[in-house]
Amino acid sequence: MSPGLPPVRLPAPSWEGSSRAARIYRAALAALGPSRWWPAETPLEVCVGAILAQNTSWKGASRAVENLLARGVMDSPRALLALPLEELEKEIRPSGYFRQKARRLRIFLEWLQGECGGGVEGLARLPLEEARRALLALEGIGPETADSILCYGAGKLVFVVDAYTRRIGGRHGLFDPKLPYEEIRAWFEARLPADLALYREYHALLVRIGAGWCRTRPSCKGCPLSRFARPGLP
DNA sequence: GCCCAGGTGGGTA
DNA sequence: TACCCACATGGG
């Protein structure tokens, strides 16, 4: 484990609040159990996974990360960058958009190596807003990817908003799902206690529910949050 | 076969 | 601002 960074997986905290957000958290946690996300062993693995997971199933992204681990290039940005582009593309093919993602991955790794002292620890030493601005300035890093890297990789207190967060939050009457990314992020950050483990666990639970019920099952039948659902919402 | 996935960037009006 | 489209593989 890299020094100076919180573990990639933290235990799920309890949240005693009486708000709708808190009750939904408790219901999801009670039904599914702790997530201990992100599903990665190292901060670098989180970053690579976050880029490879863009607009694809986690399964494909995970297979791509496994390929890189098997090649023994996940120890450092330097090791990954030493892999020839064609080889990198070949290994990450299962995650889709493999040419685009190979290029974006390299842009990020070169920045990490050049500007951050070679690793995620350097990124974590930057103040949150500065780190976020720098990430967003990189080609291929949008708000969700940046926040996944910051929250799960660098241990920054940022709530990650993704398609499931938006869909579930809208469906259960938390906020308007058409709100801009930043406003949904602010919605959570204004309501959740300032606890990194809670930020991570909440997001992870929403993803697990989204992937488990919103997508793969035709109805909300059996969803741990069905009693919170508001009728008529998409 | 067809649709969509834990997005992002670029183009157009 | 609000839509469109490209990017690519894999699973339901």
Side-chain angles (χ1 to χ4, degrees), chain A residues 8-9 28 32 35-40 43 45-68 85-109 111 132-154 158-172 174-185 187-188 199-223 225 234:
Chain A
V8 170
R9 300 157 189 255
L32 302 184
S35 311
R36 294 172 62 78
W37 268 25
W38 188 283
E45 216 180 299
V46 171
C47 299
V48 172
I51 291 169
L52 295 183
Q54 289 171 358
N55 200 39
T56 196
S57 65
W58 176 256
K59 205 166 187 178
S62 175
R63 196 174 303 169
V65 172
E66 289 302 320
N67 288 346
L68 294 172
L85 181 62
E86 299 70 32
E87 294 294 305
L88 179 61
E89 289 179 346
K90 179 165 77 86
E91 303 301 351
I92 69 171
R93 187 177 280 264
S95 69
Y97 309 110
F98 60 90
R99 292 187 201 91
Q100 191 181 62
K101 285 178 180 174
R103 205 163 47 83
R104 292 174 171 185
L105 199 48
R106 284 189 155 203
I107 290 170
F108 169 74
L109 293 166
W111 174 79
R132 194 163 191 272
R133 267 198 306 277
L135 283 171
L136 290 174
L138 299 174
E139 183 193 331
I141 308 288
E144 180 186 335
T145 308
D147 291 342
S148 296
I149 288 171
L150 290 168
C151 177
Y152 290 101
V158 182
F159 195 88
V160 181
V161 176
D162 56 31
Y164 292 139
T165 316
R166 190 178 285 278
R167 194 179 309 165
I168 295 171
R171 188 173 290 176
H172 297 81
L174 295 177
F175 47 77
D176 178 356
K178 292 192 292 294
L179 284 177
Y181 182 99
E182 296 301 336
E183 291 185 34
I184 297 183
R185 180 166 78 95
W187 189 94
F188 282 99
Y199 275 38
R200 289 181 177 179
E201 186 60 50
Y202 206 139
H203 168 249
L205 287 167
L206 292 181
V207 170
R208 290 167 71 202
I209 286 171
W213 279 271
C214 300
R215 188 157 60 82
T216 60
R217 302 175 203 204
S219 75
C220 295
K221 193 161 191 285
C223 172
L225 301 186

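In what follows, chains carry the letters A, B, and so on, assigned in the order in which the sequence lines appear, proteins first and then strands, with residues in each chain numbered from 1.
Whole-Å rounding puts the Phe98(A) CZ to dA6(C) P distance at 17 Å. Here the C1' atom of nucleotide dG7(B) and the CD atom of Gln100(A) are 9 Å apart, to the nearest Å.
Looking only at atom types and distance, the side chain of Asp147(A) has a donor-acceptor partner in the side chain of Tyr181(A) under 3.5 Å away.
Across all strands shown, dG11(B) forms a Watson-Crick or G-U wobble pair, both distances under 3.5 Å, with dC3(C). When Watson-Crick and G-U wobble pairs are counted only if both distances are under 3.5 Å, dC3(B) pairs with dG11(C).
Note on Arg99(A): a side-chain N or O is less than 4.0 Å away from OP1 or OP2 of dA8(C). In this model, the phosphate group of dC7(C) is not approached by any side-chain N or O of Arg93(A) to a distance below 4.0 Å at OP1 or OP2. Side-chain nitrogen and oxygen atoms of Thr145(A) include at least one within less than 4.0 Å of the OP1 or OP2 phosphate oxygen of dT8(B).
A gap of 23 Å separates the P atoms of dG1(B) and dA8(C), to the nearest Å.
Legend: residues meeting ring-ring contact (aromatic ring centres under 6.0 Å, His included) with Trp37(A), ordered by chain and number and at least two apart, are absent.
Taking NE2 from His203(A) and OG from Ser35(A), the interatomic distance works out to 10.0 Å, rounded to the nearest 0.5 Å.
Residue-level contact check: Gly142(A) touches the backbone only, with heavy atoms under 4.0 Å from sugar-phosphate atoms and none from bases. Counting any heavy atom pair closer than 4.0 Å across all strands shown, Leu52(A) reaches no nucleic acid atom.
For Tyr97(A), whose side chain is taken as the heavy atoms from C-beta onward, the closest listed nucleotide among dG9(B), dA8(C), dA5(B) is dA8(C). Proximity note for Lys59(A) (side chain, C-beta onward) versus dG11(C), dG9(B), dA5(B): the nearest is dG11(C).
Nucleotides of DNA chain B nearest to Gly140(A) and Asp162(A) differ in position, and the one nearer the 5' end is that of Asp162(A). Nearer to the 5' terminus of DNA chain B, by closest-nucleotide assignment, is the contact made by Trp38(A) (compared with the other of Ile141(A) and Trp38(A)).
Taking 4.0 Å as the cut-off between side-chain N and carboxylate O, Glu66(A) and Arg63(A) do not count as a salt-bridged pair.
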